[in-house]
Each structure stands twice: as C-alpha cells, then as structure tokens.
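To keep things clear, I will list the structure first and then write my remarks on it.
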Protein chains: 2
Amino acid sequence: MARLPVYLRALTTLSEAGTTVCSSEDLAAAAGVNSAKLRKDLSYLGSYGTRGVGYDVDYLRYQIAREMGATRDWPVVIVGIGNLGHALANYSGFRSRGFRVVALLDADGQRHGEVVAGVVVRPFSDLRAIVREHGVAIGVIATPAAAAQDVADQMVDAGISSILNFAPTVLNVGAEIAVSKVDLSKELQVLAYHEQRKATQETA
Amino acid sequence: MARLPVYLRALTTLSEAGTTVCSSEDLAAAAGVNSAKLRKDLSYLGSYGTRGVGYDVDYLRYQIAREMGATRDWPVVIVGIGNLGHALANYSGFRSRGFRVVALLDADGQRHGEVVAGVVVRPFSDLRAIVREHGVAIGVIATPAAAAQDVADQMVDAGISSILNFAPTVLNVGAEIAVSKVDLSKELQVLAYHEQRKATQETA
DNA sequence: CTCGTTTTGTTCTCGCGTTCACAAACTCCT
DNA sequence: AGGAGTTTGTGAACGCGAGAACAAAACGAG
C-alpha cells in the first residue's frame, strides 16, 4: 500500500514524542486518514494490535518497516545530475530512510569527475557495471524529458526493476517494471487550476 | 481534474512534432490513459473535437491551458532554501509553465541576501508584504518537517490560498485552502516495498 | 469470577471513477 | 448525392476503495 510510508513516519513522530502505545484513532489523526481505513491497512499486514489497548508504537513501527523493506539498505542510482539531480543526491531524507546513492550518472562529459554529495559523477555508460557491482534494483531518472525513455530502456536492460521518474514523460516499459512518477510542475498546475476555478466562479 | 496537465504536456509534444490533428486514441496513448477516459475528461470542458476527425491539437491545447489558468502568470513564493528549495528555484519547468518565483524566503539569517536563480533570499517575516505586493496565491514549502506547519499557518494568514508542500508532514489548514503534497522519499519507499514483496515471494 | 469498557479486526453497504459499448455526426469516395 | 468508414460524446454496467457499523477480544474494577 502507498500509505505505509505515511504510517511509518507518523509512528516515528509518536515514538520520538515518547508515546509507547497508541490507538488507531491517534495514529489515524497523525497520519491524516480515517481510523477504519488505517485498521484495515494494518490488518492486511497481520494482527499487530491488542483489542482494548491499541498498538505498541515501536513494535508496529518495526513490523511496517520490515514489510516495506526499510530494515535493509537499498542501493540507488541517480541519472541526470542537473538541478534536480543535485538536490536529490543531497536530499537527506533518502539516506535516513535506508536509501544509499551508490552512483551518479550523466551523459554530459563535462560533469564527469565532479563530486556531488560525496559521490563522483560518472559516465552513463557505466550503468551496467554499477548495477552488477552493487546489486542495484532502483533507479532514479532526473534527466530532461527527451532522454528519459532511452535512460529507462537501458536501466531495464541493465537489470533495474524499479524506476522513479522525475522527467515529465510517460515511460514505456514492461509490466514487470515498477515505475513511479513525480512531476513537480504538475502539482503546481493543479493548484493553479483550483485558483483559476475560484476566480471564474467569483466573476460568474 | 488532475490529468489536465498530462494532456497539456502530451498535446505540446504532439504539436512540436508537427501534428495538427489527433484522435482521442493518439492522445490517450501519448498521455498514458484510456481513450474513453480522455474523451470524458475533455467533454467535461466542452465539445472541442470533431466527430470523424479528432481534435485540433493547438486549439485543444489552448482550451485546456485556459481552463487550467495556464494562460496567465502565477506568482509563487518558495519558503525554505535548502537543497530542495534551491532546485525548485532553478527548475525551468516552473517558469515555462507560467509560474514566476517572485520571492525566496528562509528563516535562517545566514542565507539572507544570497541570490538564487536571480532572486534574492529574504527573511521569512517579509512574507505578508510580498504576498500583498505581488498578489501571490500559491506558496511552496520546502522547509524541514518541523517548521512546515508554522510556515503554512503564516502563509494562510498572509492570504495564500494554495500550498504545495514538500515537507513530510500532514498540514492542518482550513478546508478552503488547497494543499498538494509531494513526498520525495515516499515514492522511493513504495518502490522498495514492491522490491521487498518480489523478494519475499521468490523465497516463499 | 463476572460485568462493563475500550479498541481491534472484519463485514457490509455506498458512492465514485473507470471502462465498455453504442448512437450521433462528420468526412471522403464513388 | 448517398453510402461507407471514422471518431466523438455519452449512457450504462462494472469494480474497487472508503466509510460506517458491528462482533470478537482484551483489560480492569468490583
């Protein structure tokens, strides 16, 4: 489920606040969801709660982390070291959640050798070797839209099975490859759409 | 609808490729959705297609842009000029889609005066004045999670009505405020979850 | 030991969004 | 001009996820 990370974050917050036990109501409020939905999600993982009491925060946190694969380190490759790639490489939220950036790749030879966040930028052609060496399963695409499909194809070819795509393009890959897309400007456009609707409704 | 930006981008791509007319099938393929869904979405805006022919690419593009408010410029304020704030300020995708970063704000006095993407970083306390001066309706939060709620409150207080939140926190704001959340590490965690499931299924 | 209280886990219903399928409408060819 | 072939716009069915409601279970008080 896509909500597990949110629950995990809410549990971490509760744990840091000194809470040891919480009800589904409490956790649902912290995660911003309905309590029934939260209980249903958690029951899908197993029965980790105690009726009449609630959930043990640390225990549940560990169980969710285990289910999500957050108890191990995931090596990650980032392709495209522009503004966005820079920020992603430096983003502390990745490291703290078990993601290790093992390589930064860029097609632009001018950037090779540059050190970003303690990692050297290497040629894109090194992709296959790096995937093999580190057992990388997850790749991040932060290239311009025009290059994204080619990068994705070569990632799949090199053995990567999950792709996080920041380029504003629809990627065509096999159904066995998990693709997640983040479009920074799309979100702003949706907000602008709402503003626009508000404005037109007021004038009407 | 949240899919309009995707359609708009697909139309732009088609237009740049020299296509003047396209069927709903073509556009749906380019946008990665079902053609019936696309037609229904478009019919919600009006009847801009011609039966037996298809849609005029540029005409439809203009209509969608108008509906989304992309025909005018939207002033935007970014709060929190860390790694992510830097990347967002430099992100060309915003400017090219009608968003103009009119101010960069940060609570850290050390950063004030620094110029990022041609804009000077100013104190967070200038928020209200900037919103008034430029008529800002959209704010972007790129601060750490701990500061996000306070920033959101002050944004609402200053008159901002749409917030794009990159901080990993659930914001509590009035229902009249549109909030969109982007959690960079959440997406990676979902991918790791899929990888984890693949791995456990193979061993079972 | 029993009863009341609390909270989980689960069943059931409802509503929305997606998709299928078809009629209306337009173009082109003969 | 008429018919064949396309393609849009929309009505109807399907499926899935969300929320409400309830039964099962654990704890505590008397």
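Residue numbers start from 1 in every chain, and the chains themselves are labelled A, B, ... in the order their sequence lines are given, proteins ahead of strands.
- If you take CE of Met1(B) and P of dG17(C), they are 7 Å apart, rounded to a whole angstrom.
- Side-chain N/O atoms of Lys40(A) and base N/O atoms of dT11(C) include a donor-acceptor pair closer than 3.5 Å.
- There is no side-chain donor-acceptor pair under 3.5 Å between Thr71(A) and Arg66(A).
- Within 4.0 Å of Tyr44(A), counting heavy atoms only, lies no atom of the nucleic acid at all.
- For CZ of Arg95(B), the number of neighbouring non-hydrogen atoms (other residues, nucleotides, ligands) closer than 6.0 Å is 12 at most.
- Atom CG of Leu45(B) and atom P of dG9(D) are 10 Å apart (whole Å).
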**Message:** Could you walk me through whether Ser161(B) and Glu195(A) satisfy the side chain to side chain donor-acceptor pair (under 3.5 Å) test, starting with their C-alpha distance in whole Å, then the side-chain angles of each, then the deciding distance to 0.1 Å, before giving a yes or no?
**Reply:** CA-CA 8 Å; Ser161(B) 51; Glu195(A) 289 291 329; 2.5 Å; yes
**Fill in**
Given protein heavy atoms under 4.0 Å, the one-letter contact record of nucleotides 22-30 of chain C, with B base, S sugar-phosphate only and - none, is simply --BBBS---
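- Near DNA chain C, meaning a heavy atom under 4.0 Å away, the residues from residues 8-36 of chain B are Asn34(B), Ala36(B).
- Ser185(A) and Asp183(A) form a side-chain donor-acceptor contact under 3.5 Å, judged by distance and modelled atom types alone.
- OP1 and OP2 of dT7(C) both lie 4.0 Å or more from every side-chain N or O belonging to Tyr48(A).
- Atom CG of Leu38(A) and atom C1' of dA18(D) are 13 Å apart (whole Å).
- Residue Leu60(B) contributes atom CG, which lies 16 Å from atom P of dT7(D) at whole-angstrom precision.
- For Leu42(B) and dT18(C), the CG to C1' distance is 15 Å, given to the nearest whole Å.
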